[in-house]
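Values reported hereafter were calculated over all heavy atoms of this structure, with side chains retained and with hydrogens, waters and symmetry mates removed.
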Amino acid sequence: MTANTDHARVRTGDGIPRWRDTSLDAGARADALIAAMTLREKIAQLFGVWVGASDEGGEVAPHQHDMEEAVDLEELLPYGLGQLTRPFGTAPVDPALGAVSLMRTQRRIAAANRFGIPALAHEECLAGFAAWGATAYPVPLSWGATFDPALIREMAAAIGRDMRSVGVHQGLAPVLDVVRDARWGRVEETIGEDPYLVGTVATAYVQGLESAGIVATLKHFAGYSASRAGRNLAPVGMGARERADVILPPFEMAVRESGVRSVMHAYTDTDGIPSAADERLLTGLLRDAWGFTGTVVADYFGIAFLKTLHGVAGTFGEAAGAALAAGVDVELPTVKAFGDPLLDAVTGGRVPEALVDRAVRRVLVQKAELGLLDPGWSPRPPALTGPGPQGRDATGAPGVPAPDAGSVPDPAPDAGTDPEANPNPVPDPDAAPGDGAERGSVHLDPDANRALARRVAERAVVLLHNDGTLPLSPAHAPGRTAAPARIALIGPNAESRTAVLGCYAFPVHVGGQHPGIPLGIELPTLREALAAEFPDSEIVVATGATVDGTGTDGFAEAAAAARDADVVVAALGDRAGLFGRGTSGEGCDAESLALPGVQQQLLDLLLATGTPVVVTLLAGRPYALGRAATWSAAVVQSFFPGEEGTTAVASVLSGRIAPSGRLPVSVPRHPGAQPSTYLAARLGHSSEVSSIDPTPAFGFGHGLTYTTFEWSDLTADGHEAATDGEFGLELTVRNTGSREGTELVQLYLHDPVASVVQPVQRLIGYARLELAPGQAVRVRATVPADLAAFTGRDGRRIVEPGELELRFAASSTDPRLVARVALTGPVREVDHRRALHTAFRTEPVPAR
């Protein structure tokens, strides 16, 4: 197929290629480029190739996987390339040399195709930039535990700046899946079990990432976390109402409020329809209803799965056609269905070329917005700027200037003979000076990053239980005369450096496959952190058992160490991994929520010694703790808190940092009462007709502090409002303790009578308050009636008249003040323009 050669469509009056004309909007530039491209060139923009950067600074090499076939770059590149998959996240590579490798590869890609279009490079960033030597931040479940969107926005901006500095354009995060069953291995990647918490924190993360110029990617759209029995990639048994009221709201919030530019479809099928082939989801809802205009990318191998796993396509060409029709624009991680199978399907008349044009337009618009089609584009990323040729890339970084735009390269074979095709703007890479970079010259874990990672980790630590044993340091505990003389640190995570990392942190995700390579970042163990925090205490270590082993040979040593100590710190939890190589992570699903291996037996043994036991969890999901939930001296929960995590935990144990985290997921009382979350209807709670009690040991939103708070004086502007109105309420919160602390005011809505079954309560707002001793604030909450909306019997989202309870609570199990109000007037239908937030405002209260 030959390219369109209509001059007016591809050239300006001055003869400049229209797709190079930065005075035109991105859509017009994309249209001009599409008009000049052949079918094969258009399709080439719709897939990525999985590569790994060279640790010597050479060009990237294709990465082979057991789910893909070998890729021949020499054959592909003359037609162009849409994306480069994980150049930094495939193998350990020094960041400076990786940046040089990516730069040289981008030159090669641009030089090989007629239009000089580079690829868009994407990476994972679920807990920081997944590259060797980059900062490992806490996992998303810890983000949720902070209940602090502003802090997560700040963290995401730092992650985005690091990615952009070395030439990456897109990040495959955040995960907006709402936890429905904590046995699912990917709980660590989620933000929590409540859609409002997930939506607010994820939206902030996207805003931060996008502010740095990185295309954020919402995933997994939609329903991946609702798989049956918590099994990865299992069928989803979910009705339309659960999908609409629990799964979709976080995505809707992010699309409306964050400026997100990409969405990744989920692997799963819901009621027989795979997400990758769900036109009502990916086009009807996402684009037509919500107004999303960015790209939809495939979860890795997800388009091919339409044939190989879901069985809704007989060939890869059929799979490609189904995905394109549904609204998927880009195949990742590498070319399979969107290569020759799609080309054959289009030329054979089985897939309309208009679907290819629709997808490639979205891709090219995004590339234009990123500056990748600009005449002054340079592959040189900011991290490699310095003396050398003048010129500016899309980030304003000095780079290699484009040559004269008058020459026209020979087209690739079968690429057509369009004389208006734009010349390649990139010179011969071998002739370009200034490519060199010294190993170690690019730092992706500077002190500022570590300080930020520490702040997030500190705010994410949750104190679940405390009998007064904590804090341990006399400097932070009035009445305590000395720190413990001997601390017994017992458990499998006592000296594990990677115990703080989730499965998508580079040292675990990739580094585990390269045991001879250094970790790339400093990861202090819990023993080292405790030794630094308690310099006058003797730290005695006994692992007792492995994370998931069955051996108990170490029990006797552990018990002896516990009996001889003043306090025991039990270092328990998970080991992150992939596909069964860990106890938490993708493909590491749990049969129950009992602690892995023999850790519960070890914990019970420690409790029996009579020495106070401080249970310290470094984990990717919540676990039932048996009698330790009440018999232990204290329970400190941390969800894979990142490279500064052990320091954060130690500082909470000493009291130097006051705990301020709250549970983003409920901690079960019994290990087998799953699936269960706080967001359940009445029949989902404890009853006399079932022997299984799902009541949690610690509910969603729970978390203790080292001070006390008083809630009082709840007032309401009125107890009635129209179904299109709002309620105004106020209460006073006072720090009645002796030290500064953080209180989290959570607002839950209870709808006692509705036309369809509702959860007993659901979170509709929260406010994080940091108060000095004796300080009080008057908290005002403005609650739109829209927040009472739910999906009615006919599938429409409605606000019904009737009585409501607005519960101001310290957790889902600890309501403090309740306002009984009523909505009046007719049933009102709402859509994606409805209000999504309770507005909070605080004013100081004069001292008593």
Would you call V356 and L324 a side-chain contact if the rule is heavy atoms closer than 4.5 Å? yes

What pair of heavy atoms forms the shortest contact from P375 to T22, and how long is it? CD-CG2, 4.1 Å

Taking E369's backbone N and O only, do any of them form a donor-acceptor pair with R29's side chain (distance below 3.5 Å, no angle check)? no

Between R40 and Y79, is there a donor-acceptor pair closer than 3.5 Å when you use the side chain of the first and the backbone of the second? no

Mutual orientation of the aromatic rings belonging to Y205 and W143 [parallel < 30°, tilted 30-60°, perpendicular > 60°]: parallel

Going through the distances and angles, do I214 and F129 end up as a side-chain contact (heavy atoms from CB on, under 4.5 Å)? CA-CA 11 Å; I214 293 293; F129 180 16; over 6 Å; no

Does some side-chain heavy atom of D357 sit less than 4.5 Å from a side-chain heavy atom of K42? yes

Residues E74, R108: salt bridge by 4.0 Å N-O rule: yes

I'd like to check Y300 versus R86 (side-chain heavy atoms, cut-off strictly below 4.5 Å). Are they in contact? yes

Counting N and O atoms only, with roles assigned by atom type, does the side chain of E353 sit under 3.5 Å from a partner on the main chain of L39, one being a donor and the other an acceptor? no

Could you tell me which non-hydrogen atom of A266 sits nearest to which non-hydrogen atom of S275, and how far apart they are? O-CB, 3.4 Å

Do the charged groups of E331 and K336 touch, with an N to O distance under 4.0 Å? no

Say whether, by atom type as modelled, one donor and one acceptor occur between the side chain of T105 and the main chain of S101 under 3.5 angstrom. yes

So does E56 get a backbone contact from the side chain of S54, meaning a donor-acceptor N/O pair under 3.5 Å? yes

Is a donor on one side and an acceptor on the other found under 3.5 Å between the side chain of K367 and the backbone of G82? yes

Please name the residue in the list V51, V335, L120, V49 that meets the side-chain contact (heavy atoms from CB on, under 4.5 Å) test with L81. V49

Between L342 and V351 the two heavy atoms that sit nearest each other are CD1-CG1, 4.2 Å

Side-chain heavy atoms of R362 within contact of R358, under 4.5 Å: yes

Just do the side-chain contact (heavy atoms from CB on, under 4.5 Å) check on T85 and T334 with the steps written out, would you? CA-CA 7 Å; T85 293; T334 195; 6.0 Å; no

Exam field: side chain Q366 to backbone R261, donor-acceptor pair closer than 3.5 Å: yes

Are side-chain heavy atoms of L102 and F88 found at a separation under 4.5 Å? yes

Closer than 4.0 angstrom, basic N to acidic O: yes or no for R280 and D278? no

Do I521 and T135 come within less than 4.5 Å of each other through their side chains, counting heavy atoms only? no

Can you find a side-chain donor-acceptor pair between Q83 and Q170 that sits under 3.5 Å? yes

Which word best sums up how the rings of H265 and Y267 line up, parallel for under 30°, tilted for 30 to 60°, or perpendicular for over 60°? perpendicular

Distance col, row L248:CG vs L281:CG, nearest 0.5 angstrom, shows 7.0 Å

CG/L172 to CG/L218 distance, rounded to the nearest 0.5 angstrom? 11.5 Å

Looking at P174 and V206, what are the two nearest heavy atoms and their distance? CD-CG2, 3.5 Å

Please check if the number of heavy atoms outside R439 that lie under 6.0 Å from its CZ is greater than 12. yes

For F251 and W290, I'd like to know if the aromatic rings sit close, meaning centre-to-centre distance below 6.0 Å. no

Donor-acceptor under 3.5 Å (D55 side chain, D94 main chain): yes

State the CZ-CG distance between F115 and L33, to the nearest 0.5 angstrom. 6.0 Å

Suppose we screen for salt bridge (charged side-chain N to carboxylate O under 4.0 Å, His left out). Which residues come up paired with K219, at least two apart in sequence or across chains? E124

Tell me if a side-chain donor or acceptor on Q106 pairs with a main-chain N or O of A119 at a distance below 3.5 Å. yes

Closest non-hydrogen atom pair, V175 against I191: O-CD1, 3.9 Å

Atom CD of Q45 and atom CG of D329: how far apart are they, to the nearest 0.5 Å? 12.5 Å

side-chain contact (heavy atoms from CB on, under 4.5 Å) between V442 and V100, intermediate numbers included: CA-CA 11 Å; V442 173; V100 170; over 6 Å; no

Do the rings of H509 and Y504 sit parallel, tilted or perpendicular, given the 30° and 60° boundaries? parallel

Determine, for D31 against R361, whether the closest basic-nitrogen to carboxylate-oxygen distance falls under 4.0 angstrom. yes

If you round to the nearest 0.5 Å, how far is CG of L76 from CG of N113? 12.0 Å

What pair of heavy atoms forms the shortest contact from V166 to P95, and how long is it? CG1-O, 4.4 Å

May I ask you to test the T283-D288 pair for a side-chain heavy-atom distance under 4.5 Å? yes

Gap between atom CZ of R161 and atom OG of S211 - 0.5 Å precision: 7.0 Å

Determine whether L73 and E59 make a side-chain contact, defined as any pair of heavy atoms from C-beta on separated by less than 4.5 Å. no

Between S258 and Q207 (side chain of the first, backbone of the second, donor and acceptor by atom type, cut-off under 3.5 Å), is there such a pair? no

Show your reasoning for whether side-chain contact (heavy atoms from CB on, under 4.5 Å) applies to H122 and V297. CA-CA 11 Å; H122 76 257; V297 301; over 6 Å; no

